[in-house]
Amino acid sequence: MGISFSGRTGRAPVRHFYTRDSWIDGRAEDQLAQVAGWSGMQSVAGFPDLHPGKFGPVGAAFLADRIYPQLVGTDIGCGMGLWRLDLPRRKLKLDKAAKRLEVLERGTDPAQAADALAAAGLTGQIGEAGLGTIGGGNHFCELQTVEETDGTAGLHKGDLCLLVHSGSRGYGAQIFDGLEDSWKAGFDPQSAAGNAYLALHARAVAWARLNRRLIAETAADALGTTVTPLCDSVHNSVVAHQGHWLHRKGAAEADRGLVPLAGSREAPSFLLALPDTVPEALSSVSHGAGRRYDRASMHGRVRKVRSELEALTRTRFGGRVICHDRDLLIEEAGPAYKAPEAVLADLTAFGLATPLARMVPLITYKTSGGQR
DNA sequence: ATGTAC
């Protein structure tokens, strides 16, 4: 028994929006319960892509009367954007396109980056380095083709799309790392520290959004075409929500209409429509399939012989994976992820989402760089 | 997650 002076005492309610059909790591559920006991926590929602994270689980939303930067993490503003490519499938030569996407390695050139940042209202102390680059980990730029759709989102069967998963690169990390350790672990939103963090957080979100757009535009330009934006959804952030602070960690915004649900290089992705009619889901929804196996354990699941590594660069859709970093190729292999179909089935069963389109990967671009 | 800490 204890006394808390910050609103709710005791454990916040935890709602999970998944069934036993979506494989959930018990350690992630332990993390969910643990965070529900943090000071000022009001309500917690876990989604079917739930998996363990560093300070708390990924694939969850947390409503609190305090701000917890560590729940957002270092990659403030990370998200997924989907663009339709103005290029017919028949004009696409896979290997040639894969080669052309190597321009993504360079990022936006400094002069153009400065202009783009200024146009986005981002001036002053702000990182230009890294703008227009994908980054590491689970980030990618994926060329996909629409296999199935009802046409309502302006997509048609056979259309080409770009799904970009990236974030605020060094800029967001610099903001998080610059916080006092005690602030990382939570602070009062009314404090000067709270306001300073929220201002920097807003800049990182804008930076990350711009980054995804520049990646899509650069990729389209390299392929000799242009893009039309469909949606862009942030999944690492904190925003004001019903008089409290809503933290999303690997959870997409369900109050902005459409979001992409990323599959993997070996599984389809979906475009979702979101009714946002279930208050306990905290206006949030899954951002992807979610990890099944952690990075370290993936190394024990792949035999490091040339034939097996080579096989990881070809997908069951006849697609290509461009990843010249051997460790990353293994850690992000298809089997590392849950089945997005199971995640989608749970989301629809709980009334959180309706699929509008199903896309399969043709080129999953990670990096042309060497080993790490 | 990070022009990466140990």
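Not measured: the values here are computed from a predicted model. Chain A is the first sequence line, chain B the second, and so forth, proteins listed ahead of strands; every chain is numbered from 1.
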What is the distance, to the nearest angstrom, from the CG atom on A:L104 to the C1' atom on B:dG3? 17 Å
How close or far is atom P of B:dT2 from atom CG of A:L179, stated in whole angstroms? 18 Å
Is A:G172 touching bases, backbone alone, or none of the nucleic acid, heavy atoms closer than 4.0 Å? nothing
By side-chain hydrogen bond (donor to acceptor under 3.5 Å, both in side chains) - contacts of A:T313 (at least two apart): none
Length of the line joining A:Y171:OH and B:dG3:C1', which is rounded to integer Å: 17 Å
Reckon A:N138 has a side-chain N or O less than 4.0 Å from the OP1 or OP2 of B:dA1? yes
Please determine whether a side-chain nitrogen or oxygen atom of A:R295 lies at a distance below 4.0 Å from atom OP1 or OP2 of B:dA1. yes
Taking both distances under 3.5 Å as the test for a Watson-Crick or G-U pair, what stems of at least three pairs does DNA chain B have? none
Can you tell me if the side-chain N/O atoms of A:R169 get under 4.0 Å from OP1 or OP2 in B:dG3? yes
If you draw a 6.0 Å radius around CD in A:E147, do more than 12 non-hydrogen atoms from other residues or ligands fall strictly inside? yes
With heavy atoms under 4.0 Å as the rule, sort A:G130 into base, sugar-phosphate or nothing. nothing
What is the distance, rounded to the nearest whole Å, between atom NZ of A:K184 and atom P of B:dA1? 18 Å
Tell me the salt bridge (Lys or Arg N to Asp or Glu O under 4.0 Å) pairs involving residues 256-278 of chain A, sequence neighbours left out? A:E253-A:R256
A:R106 CZ to B:dG3 P, straight-line distance once rounded to whole Å: 19 Å
What is the distance, rounded to the nearest whole Å, between atom CG of A:D327 and atom P of B:dT4? 16 Å
In whole Å, what is the span from the CZ atom of A:F176 to the P atom of B:dT2? 14 Å
For A:K304, does the NZ atom sit with more than 12 other heavy atoms under 6.0 Å from it, leaving out its own atoms? yes
Taking the cut-offs as 6.0 angstrom to the six-membered ring centre and 45 degrees off its axis, would you call A:R291 and A:Y337 a cation-pi pair? yes
Do A:Y197 and A:W183 make the cut of ring centroids closer than 6.0 angstrom? no
From NZ of A:K54 over to P of B:dT4, roughly how many Å is that when rounded to an integer? 15 Å
Decide if the gap between the ring center of A:H247 and the ring center of A:H241 is smaller than 6.0 angstrom. no
